[in-house]
Amino acid sequence: MDYQFKDIEQKWQQFWAEKQTFKADNNSTKPKYYVLDMFPYPSGAGLHVGHPLGYIASDIFARYKRLKGFNVLHPMGYDSFGLPAEQYAIQTGQHPSLTTEENIATYRRQLDQIGFSFDWSREVRTSSPGYYKWTQWIFMQLFNSWYNKAEEKAESIAKLVEHFETKGSAGINAVSDEDTATFTAGEWKAYSHNQQQEELLKYRITYLRESTVNWCAALGTVLANDEVKDGFSERGGYPVEQKKMMQWSMRITAYAERLLQGLDTIDWPEPLKEMQRNWIGKSVGASVKFPIKKEAHNSQLTTHNIEVFTTRVDTIFGVTFLVIAPEHELVNELTTPEQKADIEAYITQTKKKSELDRMADTKTVSGAFTGIYVLNPLNNEPIPVWIADYVLAGYGTGAVMAVPSGDQRDYLFAKHYNLPIVPIIDIQNIETEADPTKEGTYINSDFANGLTYKEATAAIIAKLEAIGAGKAKVNFRMRDAIFGRQRYWGEPVPVYFKDGLPYLIDESELPLLLPEIDKYLPTETGEPPLGRATDWKHPEGEYELSTMPGWAGSSWYWYRYMDAHNDSEFASEKAIEYWKDVDLYIGGSEHATGHLLYSRFWNKFLKDIGKVNEEEPFKKLINQGMIQGRSNFVYRLIDAEGRGTNTFVSHGLIKEYKTSPLHVDVNIVKNDTLDTEKFKNWRPEFADAEFILENGKYVCGHEVEKMSKRYYNVVNPDDIASQYGADTLRMYEMFLGPLEQSKPWNTNGIEGVFKFLRKFWRLFHDDQWNFRVSEDAPTKAELKALHKIIRKVEEDVERFSFNTSVSSFMIAVNELTELKCNKRAILQELTIVLASYAPHICEELWALLGNGEGTLSYAPYPTFKPEYLVEDDFAYPISINGKTKMNLSISLSLDIKDIEAFVLANADVQRYLEGKTPKKVIVVKGRIVNMVV
RNA sequence: GCUCAGAUGGUGGAACUGGUAGACACGCAGGACUUAAAAUCCUGUUCCCGUAAACGGAGUGCGGGUUCGAUUCCCGCUCUGAGUACCA
């Protein structure tokens with residue numbers, strides 16, 4: 001029979017499911033290999049053709065590794081807590097768990113159609129109580145830990161308490177809140193229980209603190225920094241404002257240095273690492289305290305100096321003014337009565353500007369003088385203090401020392417307000433702009449005069465430290481992560497409050513289930529939706545009402561797959577010891593500063609407390625590119641009165657007519673040719689449409705846009721699978737281009753892949769479509785074709801160049817067709833090699849070859865034998881004059897006796913040889929490509 | 001502005017450490033089969049000139065350089081995409 005992909009694919013998908021072919025074994029003697037996909041959020045729209053791209057790539061890799069003899073863990077699950085289900089619940093009243101359930105069913109059906117080799121027995125859902133029990137458990141471990149900087153690791157809070165009880169706060173080097181108290185052991189013991197708890201909260205890795213948060217009123221929740229884009233929420237695009245709130249936070253900053261260092265040990269795409277480095281934002285510099293000039297202010301000040309952070313402490317003698325952020329907490333106290341009006345006017349003006357305006361408008365210089373002066377700690381020169389909105393309250397100390405000769409922003413500010421500009425380096429050119437050079441030697445710099453950059457920096461820091469006015473400091477841009485969300489559809493925080501202080505619930509009470517509520521909206525008093533729950537009360541106090549953010553469940557899920565049904569641990573020690581870490585992780589780069597950073601953070605924490613073994617969770621990571629939409633257009637003819645008619649002009653002719661473009665559903669267009677009948681049925685108003693054709697066809701225009709319903713360019717994998725089959729879909733998605741590159745989806749070439757599979761099928765069949773293979777011994781040419789593809793696929797898969805493999809398969813099958821090869825010895829091995837790309841057709845042929853049903857998935861990958869290739873193609877690595885290296889494949893070689901004539905005829909060659917005679921010359925189409933001298 | 005990635009036929013793309021540029025596929029043109037169409041198969045297809053053909057010239061965004069030889073390496077520029085944005 002002809003290639004009947006529908007029957008074949010259904011048969012094998014059923015077979016794999018029933019026989020649990022891809023169930024991974026936790027007790028195998030084979031080497032392990034863990035291939036992971038970023039699990040999806042099951043949205044209501046279902047999968048479009050872009051989603052499976054990464055899954056197909058990882059599936060090919062997983063299947064390949066199985067053939068190579070590895071015990072492969074290749075699981076899938078759902079990140080099923082999230083906003084859309086909740087918003088749907090608000091609109092319809094339908095419980096988010098129902099919506100989620102339905103969406104998951106759709107996803108599963110769509111995924112099953114593509115023939116993935118997932119081990120579904122390990123499926124996880126972050127919203128199922130059996131799963132979030134352990135998310136809550138990890139939260140409890142974080143609450144019960146503090147970060148010991150001396151040891152560079154997290155430790156138990158009990159250990160900290162023990163230290164407090166014996167030695168007080170002395171000798172503690174922790175990452176903590178800034179306002180920790182200093183006390184002796186005796187004082188600690190004298191503290192009330194509540195005082196102790198309050199103090200400990202300042203050390204816990206997950207802690208409660210009043211902090212400025214990104215509040216999104218429209219969504220009724222706070223958002224993390226990476227969920228905010230240009231002052232608007234990433235989801236929905238609602239405005240986001242800054243607001244002070246009591247919030248759960250995660251002390252991820254404790255891990256900043258380790259998160260940065262770890263990047264050098266993992267095989268990730270460089271751009272992604274760079275994004276994480278920028279996000280962590282390490283800058284090495286110094287903090288300097290500028291004492292406030294006594295007589296500057298008549299009144300008594302509670303603060304005596306302004307602290308700044310700088311990366312160029314060497315320029316301190318060039319400081320001619322200080323700038324603090326308008327939101328800086330000292331502004332009010334510092335401003336002199338005479339300047340009060342000015343400053344207040346400036347602050348109101350700044351506040352009026354939206355976040356966006358303020359960022360866009362970086363050219364306008366604005367600021368106001370506070371009226372007070374500080375002293376340069378190294379030479380006691382008075383320095384005026386200004387406020388200006390180019391200084392951000394949220395970074396460093398919210399205050400900077402301005403060096404107009406070296407910093408362009410300071411330069412512009414100084415010019416605008418007529419402040420002095422002092423050059424401090426001999427070669428500095430500051431005629432028209434600041435010169436941030438580090439070359440040359442210092443001038444106008446007191447004891448640093450004549451020194452180089454390195455010397456000056458060291459000398460100045462030493463001096464500052466000696467007089468107690470500053471010290472070397474490393475600053476990070478990364479902030480602690482806000483962990484609370486005022487939403488319903490998330491993990492409840494396993495905490496209750498007593499006397500205003502948080503306490504963990506008992507571990508035996510886990511999971512703390514989400515309570516049922518009547519409406520999914522905040523309460524009338526503005527509390528989160530959980531405030532609506534009745535009968536939901538801890539015996540000791542009130543439950544926390546906010547839930548965890550979306551990234552909580554996804555920050556450890558790869559461990560749950562290792563031991564998905566364990567009730568007593570998040571995964572057994574044995575399972576974690578066996579599977580260790582993820583060998584290959586495939587997903588989008590949009591998670592660079594969210595999921596991928598938080599996951600690394602939690603992993604490091606879990607390692608610190610001895611629950612996992614690896615410092616980094618994802619050894620190798622590949623970003624699949626985004627699949628963009630490719631929209632098609634028809635061109636409506638405009639009549640003389642400028643009205644649209646019901647006549648449509650083919651794309652090639654639109655210059656001759658007046659037309660307006662109109663999106664048309666890409667599913668009724670094939671190779672940019674419109675199916676005019678389907679178009680008439682597409683919408684009622686086109687029922688009597690007429691067409692002006694070219695070459696008898698209606699050709700559509702096209703453009704690359706986002707894949708979206710609005711542009712009618714969404715292509716559904718179901719449609720492709722039912723039209724061409726899963727094997728064609730899998731191969732075509734790979735054929736489309738390099739995995740990591742973004743590209744528009746179009747089906748223009750899919751026929752080629754389909755034809756290839758049919759050709760492959762035909763190799764095993766005679767003209768009447770009867771299965772027939774020959775038992776004869778293969779010829780040299782046949783063996784060569786086979787071994788070329790064996791090697792090629794091996795190389796391609798290892799370097800994730802799946803698109804070139806597909807081409808190579810086509811070449812191999814074309815060659816074998818040409819040779820009329822139907823030898824079992826060849827086809828058997830070819831089937832194994834193709835199996836990871838097109839598993840259904842290969843399983844079928846494998847069974848027809850008499851190999852036993854369903855044994856293909858674990859068949860041994862054939863061994864490449866180079867002797868079949870070195871017939872007339874081989875390589876010569878040679879070196880000439882010790883510098884030129886050549887390495888070529890050879891098609892024709894001249895004998896030594898023919899060389900002389902050849903060399904004489906070729907000036908290039910003569911120059912190259914410098915009079916020597918080559919031993920061997922390699923010529924291709926009359927051109928020398930290589931010589932052995 | 002900064003950082004990164006990229007630019008190759010009508011199209012998607014190949015060429016892995018410098019060595020026959022355009023593999024493979026789509027599209028297009030011509031042909032075979034067919035009453036016809038679809039399907040299938042075969043041939044051609046970077047551009048220009050000449051031409052039936054061999055053959056000749058140009059050619060990997062633009063301008064230089066290194067090299068016997070550059071899509072590949074170096075310098076400068078243009079454009080496109082992504083990320084980031086007053087980070088002191």
Side-chain angles (χ1 to χ4, degrees), chain A residues 229-230 269-275 277-279 281-283 285 308-313 315 323 358-363 388-392 394-403 406-410 412-413 475-477 589-590 592-593 625-626 628 630 671-673 695 702 704 732 735-738 740-744 746-753 755-756 758 762 792 795-796 799 801 803-811 814 875-877 880-881 883-892 906-914 922-931:
Chain A
K229 289 243 148 41
D230 298 333
E270 203 47 50
L272 198 87
K273 289 191 190 179
E274 202 56 34
M275 277 164 79
R277 284 191 195 105
N278 288 340
W279 187 262
K282 180 180 182 176
S283 55
V308 305
F309 175 76
T310 176
T311 53
R312 288 297 300 274
V313 74
T315 63
V323 189
R358 197 166 151 180
M359 282 194 291
D361 183 22
T362 58
K363 284 183 201 91
D389 64 3
Y390 79 86
V391 174
L392 306 175
Y395 183 75
T397 59
V400 303
M401 57 178 228
V403 185
D407 183 283
Q408 185 60 18
R409 290 157 309 178
D410 299 344
L412 291 174
F413 197 84
N475 207 34
F476 291 95
R477 188 163 74 102
S589 60
E590 66 271 22
T593 53
M626 287 246 277
Q628 296 142 303
R630 187 178 188 275
N671 284 349
D672 287 338
T673 304
N695 305 325
H702 62 88
V704 173
Y732 185 61
F735 182 68
L736 217 46
E740 302 185 66
Q741 189 180 305
S742 284
K743 58 232 160 194
N746 75 83
T747 30
N748 286 356
I750 198 164
E751 302 272 349
V753 172
K755 275 193 229 170
F756 153 75
R758 205 162 44 187
R762 182 169 297 154
K792 181 73 163 98
E795 280 174 6
D796 285 350
R799 67 190 169 109
S801 179
N803 56 325
T804 52
S805 289
V806 178
S807 292
S808 303
F809 280 123
M810 292 178 177
I811 295 170
N814 283 346
Y876 266 113
I880 289 169
N881 297 339
K883 57 170 188 173
T884 314
K885 267 195 238 150
M886 294 184 215
N887 189 358
L888 286 190
S889 91
I890 295 138
S891 296
L892 168 75
N906 193 317
D908 269 0
V909 178
Q910 285 192 9
R911 241 186 309 152
Y912 167 51
L913 290 172
E914 294 167 338
I922 296 104
V923 178
V924 176
K925 285 187 185 169
R927 282 164 71 174
I928 289 192
V929 293
N930 198 3
M931 282 179 274

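Letters A, B, ... mirror the listed sequences (proteins, then strands); counts begin at 1. Side-chain atoms are counted along with the backbone in the values below, which use heavy atoms only and exclude waters and symmetry mates.
For A:Asp389, counting side-chain heavy atoms from C-beta on, the closest listed nucleotide (B:rA85, B:rC86, B:rG13) is B:rC86. Distances were taken from every side-chain heavy atom of A:Tyr390 (C-beta onward) to each of B:rC86, B:rC16, B:rA23; the shortest belongs to B:rC86.
For the pair A:Pro738 and A:Asn803, the tightest heavy-atom approach, listed with the atom from each and the gap, is N-ND2, 3.6 Å. Closest approach of A:Thr310 and A:Met401 over heavy atoms only: OG1-CE, 3.8 Å. A:Tyr390 and A:Val323 make their closest contact through OH-CG2, 3.6 Å (heavy atoms, listed as atom of the first residue, atom of the second, distance). In terms of heavy-atom proximity, A:Val391 sits nearest to A:Gly398 at CG1-O, 3.5 Å.
The ring pair (Phe, Tyr, Trp, His ring centres under 6.0 Å) search around A:Phe735 returns none, not counting sequence neighbours. Scored by the salt bridge (charged side-chain N to carboxylate O under 4.0 Å, His left out) test, A:Glu740 finds no partners at all (sequence neighbours excluded). For the salt bridge (charged side-chain N to carboxylate O under 4.0 Å, His left out) test, no residue two or more places apart in sequence or in another chain qualifies with A:Arg758. A:Lys792 is linked by a salt bridge (charged side-chain N to carboxylate O under 4.0 Å, His left out) to A:Asp796, counting only residues two or more places apart in sequence or in another chain. With sequence neighbours excluded, no residue forms a salt bridge (charged side-chain N to carboxylate O under 4.0 Å, His left out) with A:Glu795. For A:Lys282, the side chain to side chain donor-acceptor pair (under 3.5 Å) partners at least two apart in sequence or on another chain are A:Glu257. In this structure, the side-chain contact (heavy atoms from CB on, under 4.5 Å) partners of A:Thr311, at least two apart in sequence or on a different chain, are A:Ser283, A:Phe309. The ring pair (Phe, Tyr, Trp, His ring centres under 6.0 Å) check on A:Tyr395 picks up nothing, with sequence neighbours excluded. Checked against side-chain contact (heavy atoms from CB on, under 4.5 Å), A:Arg630 has the following partners two or more places apart in sequence or in another chain: A:Asn632, A:Asp672, A:His702, A:Pro744, A:Asn746, A:Asn748.
Nucleotides B:rU60 and B:rU8 have their C1' atoms positioned 4 Å apart, rounded to a whole Å. On the P atoms, B:rU78 is 24 Å away from B:rC87, given to the nearest whole Å. Straight-line distance between the C1' atoms of B:rG83 and B:rC68: roughly 43 Å, to the nearest whole Å. Straight-line distance between the P atoms of B:rU46 and B:rA5: roughly 33 Å, to the nearest whole Å. The separation of B:rC4 from B:rC75, taken at their P atoms, amounts to 12 Å, rounded to a whole angstrom. Rounded to whole Å, the separation between the P atoms of B:rG81 and B:rC86 comes to 23 Å. Nucleotides B:rC62 and B:rC79 place their P atoms 15 Å apart, quoted to the nearest Å. Using atom C1' as the reference point in both B:rA70 and B:rG63, the two lie 16 Å apart (nearest Å).
Contact between the side-chain N/O atoms of A:Gln741 and the OP1/OP2 oxygens of B:rG81 is not found at any separation under 4.0 Å. Side-chain nitrogen and oxygen atoms of A:Tyr395 include at least one within less than 4.0 Å of the OP1 or OP2 phosphate oxygen of B:rA88. In this structure, A:Asn814 reaches the B:rA25 phosphate: one of its side-chain N or O atoms is under 4.0 Å from OP1 or OP2.
A:Asp407 places a side-chain N or O within 3.5 Å of a backbone atom of A:Asp410 that can act as its donor or acceptor partner.
Within the shown strands, B:rA32 is the pairing partner of B:rU40 under the Watson-Crick or G-U definition, both distances less than 3.5 Å. With a cut-off of 3.5 Å on both pairing distances, B:rU72 has no Watson-Crick or G-U wobble partner at all. Under the Watson-Crick or G-U wobble criterion, with both distances below 3.5 Å, B:rG81 is paired with B:rC4. Under the Watson-Crick or G-U wobble criterion, with both distances below 3.5 Å, B:rC16 is left unpaired in every strand shown. Searching all strands for a Watson-Crick or G-U wobble partner of B:rC47 with both distances below 3.5 Å returns B:rG57. Here B:rA25 sits opposite B:rU11 as a Watson-Crick or G-U wobble pair (both hydrogen-bonding atom distances under 3.5 Å).
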Detail all sub-3.5 Å separations between protein N/O atoms and N/O atoms belonging to nucleotides 28-30 of chain B.
residue	atom	partner	partner atom	Å
B:rC28	OP1	A:Lys697	NZ	2.8

Atom pairs, protein N/O to nucleotides 37-45 of chain B N/O, distance under 3.5 Å:
residue	atom	partner	partner atom	Å
B:rU40	OP1	A:Arg758	NH2	2.8

Could I get a table of every N or O pair under 3.5 Å where one atom is in the protein and the other is in nucleotides 5-11 of chain B?
none

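RNA chain B is contacted by both A:Ala399 and A:Met275; A:Met275 maps to the nucleotide lying nearer its 5′ end (nearest heavy atom per residue). Both A:Ser808 and A:Thr804 lie close to RNA chain B; mapped to their nearest nucleotides by heavy-atom distance, the more 5′-ward contact belongs to A:Thr804.
Across all strands, A:Pro738 comes closer than 4.0 Å only to sugar-phosphate atoms, never to a base (heavy-atom distances). Here A:Phe735 lies in heavy-atom contact (under 4.0 Å) with a base.
The CD-P distance, from A:Glu795 to B:rA15, rounds to 11 Å in whole Å. If you measure from atom CG of A:Asn803 to atom P of B:rA23, you get 15 Å, rounded to the nearest angstrom. Following rounding to the nearest Å, A:Tyr732 (OH) and B:rC26 (P) show an atom-to-atom distance of 10 Å. In this structure, A:Lys282 atom NZ and B:rU3 atom C1' are separated by 19 Å, rounded to whole Å. Atom pair A:Phe309:CZ and B:rC86:P shows a separation of 17 Å (rounding to whole Å applied). When rounded to the nearest whole Å, the span between CD of A:Glu274 and C1' of B:rA85 equals 15 Å. The NZ-P distance, from A:Lys743 to B:rG13, rounds to 8 Å in whole Å. Atom pair A:Ile811:CD1 and B:rA23:P shows a separation of 10 Å (rounding to whole Å applied).
Here B:rG9 is in the syn range [glycosidic angle within 90° of 0].
Side-chain polar atoms of A:Ser801 and A:Thr804 form a donor-acceptor pair below 3.5 angstrom.
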